[in-house]
Colleague: 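Here it is: the structure, laid out below.
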Amino acid sequence: MSAPSKPPRRSQAWFGRDGKQGFYYRSWLKGLGLPHEMFDGRPVIGICNTWSELTPCNSSFRELAEHVKRGVYEAGGFPLEFPVMSLGETQMRPTAMLFRNLASMDVEESIRANPIDGVVLLMGCDKTTPSLLMGAASVDLPAIGVSGGPSLSGNWRGKPVGSGTGVIEMSEMVRAGTLSQDEFTEAEACMQRSKGSCMTMGTASTMASMVEALGMSLPENAAIPAVDSRRFRLAHLSGRRIVEMVREDLRMSKVLTRKAFANAIRANAAIGGSTNAVIHLLAIAGRLGVPLTLDDWDAIGSRLPCLVNLKPSGEYLMEDFYYAGGLPAVLREISQHLDLDALTVNGLTLGENIADAPCWNRDVIRPLDQPLRPEAGIAVLRGNLAPDGAVLKPSAASPHLLKHRGRAVVFEDIKDFKARIDDEALEIDEHSIMVLKHCGPRGYPGMAEVGNMPLPPKLLRRGITDLVRISDARMSGTAYGTVVLHVSPEAAAGGPLALVREGDFIELDVPGRRLHLDVSDAELARRRAEWTPPPAPARGWSKLYVETVQQAHLGADLDFLVGGSGDTVAGDSH
Ligand code: FES
């Protein structure tokens, strides 16, 4: 009996054609100078590139793509690089997050529409990672992630300056009058010292770590600096590997199982990762139909310790993390908590990949029995103020505020906050709880990173550096504080957050996972009857987004993008 024949390579539905159709599909590509044998059925590898000068964190990606191509050619594949929408976190208004789902559609349709058998995802700046994973997951071809890597450590006047974290610290010093504007401007040029993503354990580094912990990249992907030759070596090896993955038919859905997501959630706790990972992983899981809920974040990861001593939770930066052993050393340290048989893109299990991972610096990567914080992860809070949940990152919070009752100082939206926060007459003290509304997915729109509201100067001058802050916004992974985020449903969707008024008392109980607005049900019903929804955008992407975006506890994907379309596309283009 003969062995069952393999289905023909996907790209052969284009390049393996006779007659007029085959002529169309091959001829224009031959215009690039390609010989006929490139169309002979070898794996065609798409290199999905988010390079853009408007995304400076990804500005090394042209070079990175060339190294991927070397590996693809070497393994007998046919690389074709293509651009997708790039999301520059620092430049895009009103927030790059407004466009994560749009970029994911670009990725999905670019892969689906083209003669691609496998894809290499080049990603770095915050939203470029989830948008590529989400889009590729909805097609479910073999895919491998290559992150761009963090920039070199910031250094100002001999002291380390971390991306984002340093800006927040120094801007508070300017507002408190302890740092001059000239010094602040000088520090601007000392923070981002090279190409690469933020070099704190912010969202970009967190998401690169998630890619590795999920098994979607080769080991060490998370931490190699962007300009280190070993980053280009990793790109080269990833190019080689994706060709083999196509031959093995190792699709994303075989790697991104519930086990893989559970491993990533645990890894997020151990690295002191960004709260943004919560929303992104929920959205990625949704594309693949993997059951994952907001409560899984608390149940799976919240009792694990934080081992990685990186800003904003600790003191070091990503370069130090790489030299200390990077993510493999962390995963090995928490291996007793991981599903070690989860498959990764190199064909080995996670356990096999990390079995011998060394650690070279125990102050940067702490041992499990001497953690930086004993309980990290993400705390999921519920109560009458957040019926569908809210999140808080205990490792970045002040221990004395984790159980707190205080009077609400309410800002109706971000404009209201900016207009009043510096007002010396603002009635606020160290016991107050700051509340910010209308910054969620629909409200901002796009759920901006404004949840870590700067404190009023009059408190900063008294040396007060943290207050409980509550909003339906997100916060930068580089930020810190006792900040309750992602309150769901959001104010703009009529969530109870919309009903909070100045002077109400709020109870935060992180150990009890409770967030309670101390107002009677009858009074809340009276306020609800007076509530009217804010006006919605009238046209374009914002209109479609606001009409279809899901709430934060579901991952803030568009409702019609959940799930996948697969890789089959009927019909020729001519
Ligand atoms: Fe791009 Fe931080 S702003 S990675």
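Numbering of residues begins at 1 and proceeds along the displayed sequence. We count ligands from 1, going down the list as the structure has it; atoms in each ligand are counted the same way. Atom set for the values below is all heavy atoms of this structure, side chains included, hydrogens, waters and symmetry mates excluded.
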Colleague: Around atom CH2 of W360, are there more than 12 heavy atoms of other residues, nucleotides or ligands at under 6.0 Å?
Modeller: no
Colleague: Between the side chains of D126 and N276, is a donor N or O closer than 3.5 angstrom to an acceptor N or O?
Modeller: no
Colleague: Which salt bridge (Lys or Arg N to Asp or Glu O under 4.0 Å) pairs, counting each pair once, include a residue from residues 156-174, with sequence neighbours left out?
Modeller: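 Found R157-E183, R157-E186, E172-R175.
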Colleague: Strictly by salt bridge (Lys or Arg N to Asp or Glu O under 4.0 Å), give each pair with a member in residues 208-217 just once, sequence neighbours left out.
Modeller: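 Listed by first then second residue: nothing to list.
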Colleague: Listing by chain and number, which residues have a heavy atom under 4.0 Å from ligand 1?
Modeller: C57, E89, T90, C125, D126, S197, C198, A204
Colleague: The criterion is side chain to side chain contact (heavy atoms under 4.5 Å, CB included); which residues satisfy it with T548, sequence neighbours excluded?
Modeller: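 With neighbours one apart ignored, the set is L544, L558, D559, F560.
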Colleague: May I ask you to say whether E108 pairs ionically with R287, meaning some side-chain N is under 4.0 Å from a carboxylate O?
Modeller: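 Looking at E108 and R287, the cut-off is met.
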